[in-house]
Trainee: 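Structure in structure tokens, see below.
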Amino acid sequence: ELSQRMAERSVDVIKYLMKEGQMMKPGDVIDADLAELIAGEFGHTVKRVAESDIEEGIFDIKDDDSTLKQRPPVVTIMGHVDHGKTSLLDAVRNANVVSGEAGGITQHIGAYQVEHNGQKITFIDTPGHAAFTAMRARGAQATDVAILVVAADDSVMPQTIESINHAKAANVPIIVAINKIDKPEADANKVRTELLQHEVFVESMGGEVLDVEVSATKGTNLDKLLEAILLQAEILDLKANPDRTAEGAVIEAQLDRGRGSVATVLVEAGTLHTGDIVVAGDEWGRVRALVDDRGKQIKEAGPSMPVEVLGLQGTPQAGDRFAVVENEARAREISEYRQRIAREKAVARQAGTRGSLEQMMTQLQDTGAQEFPLVIKGDVQGSIEAIAGALEKLGTDEVRARIVHSGAGGITESDISLAEASDAAIIGFNVRANTQARDAAAAAGIEIRYYNIIYDLVDDVKAAMSGMLSPER
Ligand code: GDP
């Protein structure tokens, strides 16, 4: 085949190989390096095509500026447990159903759209940063704006801080919803002041972060919240080309006894039609039906619209990317390729080849990156601050440690998914990981390093940063 491609006689190629001490006959397999060497010897130039080119032109298509049109913002609600995330999602949804078409009952499909002043807003229906970051770890950055819910009778709590760090790691702007202002003990200014310590500066404190005082249960100021979202969307200038083949992210998927595989996808660009052939993660299929968040069958779905897709052969996972392809053969080729990559990754993960300090340093050096992302958990805030301070001093012009998240308490699953999404290593100072976190770390191939002496920790990071980390102590 090589000789054919070069338009040379195969006997000449075999003669050349013999001269090089390799006894071969037509049909034997040679590796890419040798093939390149031979081609060079015969005066040909070689262009290496990566296997990933199989996906070329399917995902992340760059659209010309002139084709872009405004699209609705996609919003995720985050915050501490019991601060009112679910209540707020329900309040926004119900308020809209009442004003919308009579009797329109919303279906829980994983996301829903509301309209305010004639403009649409898409809400992801799974509150919390865990789902958000798990999706991001699989490659989907579906969210444009994060609503940080903080209860005014409770103020900033550990998961509030986690949410802030997850949103910041994803570069997603925050809008603060100060909730439960109907309560007599509510103190909105306390919330604003405490947020300052976590570098969330709301407007009244001289910053740029929008904040709205709401009550999810009384329905107070929901319109103001929606206005703030639309204002933020305007600043972000969110656009997509609706006039091309669709591409986006899977929000959730399950096997339905009657309907088969049902995947809710969020169209990010293009327009999805019934009859389209789609690849989603390593699954594929022809779109048999599209169902919107009111349970209505529709013919097409444009940018930022969440829609249930029926007709996939299997169930993809939340966070998988999907795209429309030209025919079934192409869909099969891509899904087979992705299944193989997934298998290879699983094997590599078992070998623990990702997220270790050494591995990360090599990666950093390869890509010329300058930041060394870390998630740090410690027993008390004081020791974390001491560690952060010491690491800061280590930074050079070439490379510096970047603390994606730090906090007091044991290492949790949420820390693992953040580390996975941010390509960070995890450091535990006088704390351990819980069982779920250990399992998640093993599955994702993320290394957790434990320390109880700050000096050791700083020393290791220093060594890693200079690419000379000693084996596990
Ligand atoms: P989540 O854990 O963040 O999803 O919080 P939930 O939405 O489940 O709310 C936790 C509790 O706070 C529930 O008992 C809600 O009824 C209550 N709650 C939520 N929002 C408000 C509010 O605006 N005012 C008052 N008084 N209670 C609220």
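Remember, it's a predicted structure, so these values are computed and weren't measured experimentally. Numbering of ligands and ligand atoms starts at 1, following listing order.
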Trainee: Please list, one pair per line, the donor and acceptor atoms closer than 3.5 Å that link side chains of residues 143-162 to other protein atoms, with sequence neighbours excluded.
Mentor:
unit_1 : atom_1 : unit_2 : atom_2 : d
T143   : OG1    : T76    : OG1    : 2.6
D144   : OD1    : R71    : NH2    : 3.0
D144   : OD2    : R71    : NH1    : 2.9
D144   : OD2    : V74    : N      : 2.8
D153   : OD2    : K183   : NZ     : 3.0
D154   : OD2    : H83    : NE2    : 2.8
S155   : OG     : E194   : OE1    : 3.0
S155   : OG     : E194   : OE2    : 3.3
Q159   : OE1    : V81    : N      : 3.0
T160   : OG1    : M157   : N      : 3.0
T160   : OG1    : M157   : O      : 3.2
E162   : OE1    : H129   : NE2    : 2.7
E162   : OE1    : S414   : OG     : 2.9

Trainee: Which donor-acceptor pairs under 3.5 Å do the side chains of residues 311-318 make with protein atoms, sequence neighbours left out?
Mentor:
unit_1 : atom_1 : unit_2 : atom_2 : d
Q317   : OE1    : R138   : NH1    : 3.2

Trainee: Y112 and F123: aromatic ring centres closer than 6.0 Å?
Mentor: yes
Trainee: Who's touching ligand 1 if we go heavy atoms under 4.0 Å?
Mentor: H80, V81, D82, H83, G84, K85, T86, S87, N179, K180, D182, K183, S215, A216, T217
Trainee: Is the closest basic N to carboxylate O distance between R321 and E268 below 4.0 Å?
Mentor: yes
Trainee: Answer yes or no: is there a side-chain heavy-atom contact under 4.5 Å between S261 and E283?
Mentor: no
Trainee: Among all residues two or more places apart in sequence or in another chain, which pass the side chain to side chain contact (heavy atoms under 4.5 Å, CB included) test with Q119?
Mentor: Q70, L230
